[in-house]
Participant: 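Next up is a structure, given as C-alpha cells.
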Amino acid sequence: MKKVIFALAGLAGTALAGCTQVQEPGSVCNMSGIAAQRQLVALPAAAPGENSPLMEMPLNSVSITDFAVINKLYVRQVTAQRTPTGTVRVNSQIINCTDYPLLVEARTQFYDQGQGPSEPVSAWKRLNLAPRTTNTYSESSMGAKNVQFYMVELKETR
C-alpha cells in the first residue's frame with residue numbers, strides 16, 4: 001500500500017524540520033462491517049433454530065448475488081426517484097475495492113405495491129470498474145404508477 005506524505009510549511013513559507021506526517025489512505029471497503037449487516041432468511045421447512053444458507057435480499061437495495069465479487073465490490077449509494085413521466089429511475093454507485101479491473105453486470109427488477117413483479121426484469125448492463133474506482137449503474141422502469149419497489153442484482157461478468 002502506498003503511503004501519503006504531507007509536509008507542513010511554516011507561517012513564513014519555510015518548512016519546519018520534524019513536521020512531516022505519514023498518513024495511510026483510509027479504506028472505503030470495510031467488508032466485515034458490510035457482512036455483519038446481512039441477515040439470513042428463515043426457511044419454512046428448516047428445523048427449529050436452524051438458519052438458512054440463503055442471505056436476505058431486501059427490496060430497494062442492491063444485492064451482490066455473485067460470491068466471486070461479494071468481497072470485491074462496495075455499494076456506496078442507492079437512490080431512486082420518479083421522473084416527470086412517472087417512471088422510476090434507480091441509480092447505484094458501485095466501488096471496485098481491488099487493485100485490478102473488474103467487469104460486472106447489473107439488472108433491476110421493479111415491483112408493485114404487493115411486492116410482485118410489475119414488469120419484466122431489465123436486461124443486464126455491463127460496468128467497467130478500473131482498480132479502486134467507482135462507476136454508476138442506472139436503470140429506469142417502463143411502467144409508471146404501478147412501480148413501488150425495486151431490487152438491483154449485481155454479479156461479475158463471465
Side-chain angles (χ1 to χ4, degrees), residues 1-4 23-158:
M1 181 174 282
K2 296 180 181 178
K3 292 184 179 180
V4 180
Q23 179 178 342
E24 296 288 340
S27 174
V28 296
C29 301
N30 179 359
M31 293 304 170
S32 61
I34 295 167
Q37 295 175 5
R38 295 185 180 121
Q39 300 295 317
L40 293 178
V41 177
L43 286 178
E50 189 176 314
N51 285 331
S52 163
L54 303 174
M55 299 302 265
E56 180 182 5
M57 294 173 57
L59 296 178
N60 298 340
S61 66
V62 174
S63 291
I64 301 172
T65 58
D66 186 352
F67 187 74
V69 292
I70 200 161
N71 291 323
K72 298 175 184 177
L73 300 174
Y74 174 69
V75 180
R76 177 182 281 165
Q77 182 178 1
V78 184
T79 59
Q81 61 186 18
R82 291 238 178 238
T83 66
T85 60
T87 61
V88 175
R89 179 137 182 100
V90 175
N91 295 302
S92 306
Q93 190 177 33
I94 313 297
I95 299 172
N96 177 358
C97 296
T98 70
D99 291 326
Y100 52 87
L102 287 175
L103 186 59
V104 298
E105 294 179 322
R107 69 180 181 179
T108 303
Q109 177 71 66
F110 292 97
Y111 298 93
D112 61 20
Q113 186 64 35
Q115 298 185 2
S118 62
E119 58 192 57
V121 67
S122 71
W124 289 103
K125 286 186 181 176
R126 288 190 177 185
L127 294 170
N128 291 309
L129 294 163
R132 303 273 176 200
T133 61
T134 183
N135 202 338
T136 301
Y137 165 77
S138 296
E139 187 64 65
S140 293
S141 67
M142 295 181 291
K145 302 299 180 199
N146 60 336
V147 175
Q148 297 297 317
F149 306 101
Y150 63 89
M151 185 181 67
V152 178
E153 186 179 352
L154 189 63
K155 68 176 187 170
E156 187 172 24
T157 301
R158 301 239 192 288

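What you see is a predicted model; the values in this text were computed from it and never measured.
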Participant: My understanding is that only residues two or more places apart in sequence, or in another chain, count here; which of them pass side-chain contact (heavy atoms from CB on, under 4.5 Å) with Phe67?
Facilitator: Ile70
Participant: So, using salt bridge (charged side-chain N to carboxylate O under 4.0 Å, His left out) as the criterion, who are the partners of Arg82 when residues are at least two apart?
Facilitator: none
Participant: Grab the two heavy atoms, one from Pro117 and one from Tyr111, that are nearest each other, plus how far apart they are.
Facilitator: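 Between these two residues, the closest heavy atoms are N-CD2, 3.7 Å.
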Participant: Considering non-hydrogen atoms only, spot the tightest contact between Val152 and Thr108 and give its length.
Facilitator: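 For Val152 versus Thr108, the nearest heavy atoms are CG2-OG1, 3.6 Å.
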Participant: Grab the two heavy atoms, one from Gln113 and one from Phe149, that are nearest each other, plus how far apart they are.
Facilitator: O-CE1, 3.7 Å
Participant: So, using salt bridge (charged side-chain N to carboxylate O under 4.0 Å, His left out) as the criterion, who are the partners of Lys125 when residues are at least two apart?
Facilitator: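 Applying salt bridge (charged side-chain N to carboxylate O under 4.0 Å, His left out) to Lys125 gives Glu139.
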Participant: Search all heavy atoms of Trp124 against all heavy atoms of Arg107 and return the closest pair with its distance.
Facilitator: CZ2-NE, 3.3 Å
Participant: Looking only at non-hydrogen atoms, find the nearest pair between Pro131 and Pro101 and report the distance.
Facilitator: CG-N, 3.7 Å
Participant: Is any side-chain heavy atom of Asn60 less than 4.5 Å from a side-chain heavy atom of Tyr150?
Facilitator: yes
Participant: Quick one: list whatever passes side-chain contact (heavy atoms from CB on, under 4.5 Å) with Glu119, sequence neighbours left out.
Facilitator: Phe110, Ser141, Met142, Val147
Participant: Looking at residues at least two apart in the chain, or sitting in another chain, which of them share a salt bridge (charged side-chain N to carboxylate O under 4.0 Å, His left out) with Arg158?
Facilitator: Asp66, Glu156
Participant: Starting at CG of Leu73, measure out to CG of Asn135 and round the result to the nearest 0.5 Å.
Facilitator: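 If we round to the nearest 0.5 Å, Leu73:CG and Asn135:CG are 11.0 Å apart.
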Participant: Any sub-3.5 Å donor-acceptor pair from Thr134's side-chain atoms to Ile94's backbone N or O?
Facilitator: yes
Participant: Is there any salt bridge (charged side-chain N to carboxylate O under 4.0 Å, His left out) pair reaching into residues 88-104, and which pairs are they, with sequence neighbours excluded?
Facilitator: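 Qualifying pairs, neighbours excluded: Asp99-Arg132.
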